[in-house]
Structure formats: structure tokens, C-alpha cells
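Since the structure is predicted, the reported quantities are computational estimates derived from the model, not experimental observations. Every heavy atom of this structure was used, including side-chain atoms; hydrogens, water molecules and symmetry mates were not. Atoms within each ligand, like the ligands themselves, are counted from 1 in listed order.
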Amino acid sequence: MRSPNETVVLGIETSCDETAAAVVVRDRDTGAGRVLSNVVRSQWEQHRPFGGVVPEIAARAHVECLDQIIAEAMQGAGVGFSDLDAVAATAGPGLIGGLIVGLTSAKAIAMAHGVPLLAVNHLEAHALTVGLTEGLAPPYLLLLVSGGHSQVLLVEGVGSYRRLGTTIDDALGEAFDKTAKLLGLGSPGGPAVEQMARGGNPKAVALPRPMFGRPEPHFSFAGLKTAVRQQAAALAPLTEQKVADLCASFEAAVADCVADRVVRAMELAERLNATPEARKLVVAGGVAANVRLRSRLAELCAARSYSFHAPPLALCSDNAAMVAWVGALRHDRGDADGLDVPARARWPLDASAVPALGAGRLGAKA
Ligand code: KG4
Ligand code: ZN
């Protein structure tokens, strides 16, 4: 059933509020990937009463269901532990309790079944997902927008990343989540804001475009969220139509800001790496699921002769297929981690990147 030129990897993801396991196969001759199973269980119901992710609840919830999720992933893929070439788990960045749960389970599997362990960086997993889904290889420009991160990176190769821009305050997903919360919408906030925005007028409410026109491709979203709060107060009492208009106007401001920052990043990337094959833009992370943002980025790429790439929606938000994929890539080039490898709450992709100007509070996964 297994072909000798295939690498089979079990991936485990527990860095935030999704407990996930997946089995992925990589063909070592062609470099092509295939997802055999991809099981994701969201913990949103447990966190909902608190209006956000509670780290202690997240860690306990991972402990309670991870074994079952791994069993489902193995069964769904039709493989046994003896079929695995490696086991990979997210080791950071993220909430430390959850990371320890996933990484410890992976270590136990590695030890019990004698398979190599790969401790995977969650950001790298988002960054390289397009290799799994469409065979896209670096170099490319990456816009990584999730609940904990807003970054633009030059992906030069597996393990080689150059950060061009980052957020000086809130991450983009965080801005969506906080906007949803202040407008009384459900959680997670991004999909709730997107859904409401469909019925709204994106020009109805005047909102700022923070950082617009600045030379460095950094982001800032805290002021935008505050402006939504002020406009919501000015428009009170809020009808459903006013909330829809606020959401649509917020999304439009986000799309304008991100597009402006991405253009700056493209200009910078072109100066750093002028090869034609690098004219590719990849968007990844949970916010990459946002349709308005995707279509704005696609337009921008068409206008600047870049190809545009985004993982399918199910692989934009947190999942373990992307973790297994990085495990397979690293395993196939001879990497392995020791059983003493630690979980890391902080783990930047580009360790040499200097902090953004005026760097303030950073997201949970920063
Ligand atoms: O990558 P992800 O699943 O987890 C982290 O690594 O943070 O990203 C989750 C974030 C949340 O803030 C969520 O509200 C946001 O992605 N998100 C969206 C959409 N779907 C998820 N934001 C805007 N529009 C969406 N459709
Ligand atoms: Zn993520």
C-alpha cells in the first residue's frame, strides 16, 4: 500500500484553540504532497462564555481530546504507527500549555514507535502550505495574517525567511475579533464580521487607513478598531443595517491598508531579490479566508504582474496537515529533533529581524 518513495508523516497542532491531527504523504521524487486525513476540532464552544481564548481551558481541552483526534486521523488515512516515517508537532509559537500537550504526545509516539520527531514552527507551517496544496516552491513573498500575526516575509527556502514588515500593535485577526466583540457579533470574529459585511455599504462609515503611504511595510490595526468603536458609539442605537455598514467599512479599510502595505513589500522584495520567479504573492493564516481581502490581493497581483496564491479555505485556518507537511519537507532533507526539544511560546521565523519602529504590544503568538 505504501510506495517506497513516499514519506508518510503524522502532524499534530495544538498551539491555540484548535486540536488537530493529520496524515500527509510527500513523494520524494516529484516533491508532490497529498493529504490523507485532516481532523480539526475547534474549542470555540468552551471559550465563548469568556469572549476569547483562555489558555488554561485550551490546554485542558487539548489533553481531553488529542488522543481521539490522532486516532481519527490515523484511521481516516488508513495507516498504522508502523507506517509512519516521522511524527511532527507544532512546538511554537503559541500558548505554552497547549504546545506542551501536542509536543509531548508527539514525543511519546516517536519514542514508542521508533520514528523521528520534528518540532515544527507554526508560522513556517502556514508559510509553506502552498507547497502542499499547489506545489509552489520558494522564493515567494508571503503575507501571513492570523489571530496572532500580521507579517510580510520573503520566503527564500525551507528554513530561510526574511521578515520585511510586521504589526506595531494588534494582529489583523485580533482586530477582526475585537471589532466583532464590540459590535456584539459571535466568535470567532473574522467570519462573523465578514458575514455581516455582505449586507453593508463599504463607503457608509468613514474610517482611518493607519500606516497608509509609510515607506516601511509595517502594519497597525489598533487605531482602526478604536475608530470602529467611536463610530459605533456615534451611530447608536445600532440597527442591523448600521452594524452591517460598520463591518463593510471596516473590511474596506483593512483591504486598503493591507494592499498599500503589500505594494511597499513588493517594492522592497524586488530590491532585495530581483529574480522574475519571485514575483509570486502567497497569502496564508486564518484571515486569508477573507473573501474581500483575497479579491483585493488578486487584483493587486494582476496589476503588478505577480501570480497570486492562497491555500483553500480549510487550510488557511489552523490545521495539522500544514504541520505534517513541514515535517515531511524537513525529514526528507535529513532533519530530526531530539526528544528534549522544548516548546516555545515565542519563536520568530526570522530571528534576525529587528523590532518594528515603536513596537508595542504584540499578539498572543508573537
Ligand atoms: O491562523 P488562525 O486559524 O490562528 C492563528 O494562528 O492565529 O487565524 C485565526 C484568525 C482569527 O482572528 C479569525 O477571526 C481570523 O483568523 N479569521 C478571519 C476569517 N476567518 C478566520 N478573519 C477575517 N475573515 C475571515 N473569513
Ligand atoms: Zn495559525
Side-chain angles (χ1 to χ4, degrees), residues 11-20 22 38 40-44 47-48 51-53 55 58 89-95 98-99 102 120-129 142-151 153 167 170-183 185-198 219 221 224-225 228 247-248 250-255 257-258 282-297 310-323 325-326 345-347 349 362-366:
I12 296 171
E13 159 61 40
T14 55
S15 67
C16 194
D17 58 336
E18 260 96 27
T19 313
N38 183 29
V40 182
R41 183 171 303 168
S42 173
Q43 304 173 353
W44 260 108
H47 299 288
R48 199 184 298 276
V53 178
T90 300
L95 301 173
L99 291 169
V120 170
N121 182 308
H122 180 88
L123 305 178
E124 183 167 39
H126 278 302
L128 300 178
T129 303
L142 172 75
L143 171 67
L144 178 57
V145 274
S146 68
H149 292 276
S150 301
Q151 298 186 358
L153 296 141
T167 180
D170 289 355
L172 183 51
E174 198 180 351
F176 268 96
D177 294 337
K178 288 177 176 171
T179 296
K181 197 170 174 184
L182 74 91
L183 294 176
L185 303 175
S187 51
V193 168
E194 177 165 52
Q195 167 113 23
M196 277 309 281
R198 286 199 190 112
F219 302 90
F221 297 109
L224 183 54
K225 167 203 67 194
V228 173
C247 288
F250 169 79
E251 266 197 347
V254 163
C257 292
V258 173
V282 173
V283 62
V287 188
N290 187 273
V291 173
R292 193 189 298 263
L293 185 63
R294 279 168 100 112
S295 62
R296 173 63 72 87
L297 293 169
L313 295 188
L315 295 183
C316 282
S317 50
D318 288 350
N319 64 85
M322 65 182 190
V323 177
W325 177 244
V326 172
R346 286 177 177 263
W347 186 0
L349 264 188
L362 294 164
K365 289 189 171 180

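Judged purely by atom type and a 3.5 angstrom limit, S150 uses its side chain to pair as donor or acceptor with the backbone of L172. Under the 3.5 Å distance criterion, the side-chain polar atoms of N319 are left unmatched by any main-chain donor or acceptor of V40. Side-chain N or O atoms of W325 include one that pairs as donor or acceptor with a backbone N or O of L128 at under 3.5 Å.
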Check the pair L99 / T90 against side chain to side chain contact (heavy atoms under 4.5 Å, CB included), numbers first and verdict last. CA-CA 7 Å; L99 291 169; T90 300; 3.8 Å; yes

Could you check F221 against T179 for side chain to side chain contact (heavy atoms under 4.5 Å, CB included), going step by step and ending with a plain yes or no? CA-CA 11 Å; F221 297 109; T179 296; over 6 Å; no

Does D170 form a side chain to side chain contact (heavy atoms under 4.5 Å, CB included) with K178? I'd like the steps, not just the answer. CA-CA 10 Å; D170 289 355; K178 288 177 176 171; 3.5 Å; yes

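Using a 4.0 Å cut-off to heavy atoms of S146, the atoms of ligand 1 that qualify are 1 (O), 5 (C), 6 (O), 7 (O), 8 (O). Less than 4.0 angstrom separates some heavy atom of S317 from each of these atoms of ligand 1: 3 (O). Close approach of ligand 1 to D177 (heavy-atom distance below 4.0 Å) involves ligand atoms 11 (C), 12 (O), 13 (C), 14 (O). Proximity to E194 (heavy-atom distance under 4.0 Å) selects the following atoms of ligand 1: 25 (C), 26 (N). Each of the atoms 7 (O) of ligand 1 lies under 4.0 Å from some heavy atom of G148.
Under 4.0 Å from ligand 1, heavy atoms of N290 appear from its side chain as well as its backbone. With a heavy-atom cut-off of 4.0 Å, H149 does not touch ligand 1 at all.
Remark: ligand 1 and H126 share an N or O pair separated by less than 3.5 Å (distance only, no angle test). Residue-to-ligand polar distances keep F176 apart from ligand 1: every N/O pair is separated by 3.5 Å or more. In terms of polar-atom proximity, G173 is counted as a contact of ligand 1, with an N or O under 3.5 Å from an N or O of the ligand. Between G147 and ligand 1, an N or O atom pair is found at a separation short of 3.5 Å.
With the Zn ion (ligand 2) as the vertex, NE2 (H126) and OD1 (D318) define an angle of 100°, rounded to 10°.
No other N/O/S atom of H122 lies as close to the Zn ion (ligand 2) as NE2 does.
N121 CG to L349 CG: the interatomic distance, rounded to the nearest 0.5 Å, is 4.5 Å.
Taking the six-membered ring where tryptophan is involved, the planes of H47 and W44 are perpendicular, since the angle between them exceeds 60° and thus also 30°.
Screening V323, V326, V282, L315 against T129 for a side-chain contact (heavy atoms from CB on, under 4.5 Å) leaves a single residue, L315.
Proximity annotation for atom 8 (O) of ligand 1: of G286, C16, A289, G286 comes nearest, heavy atoms only.
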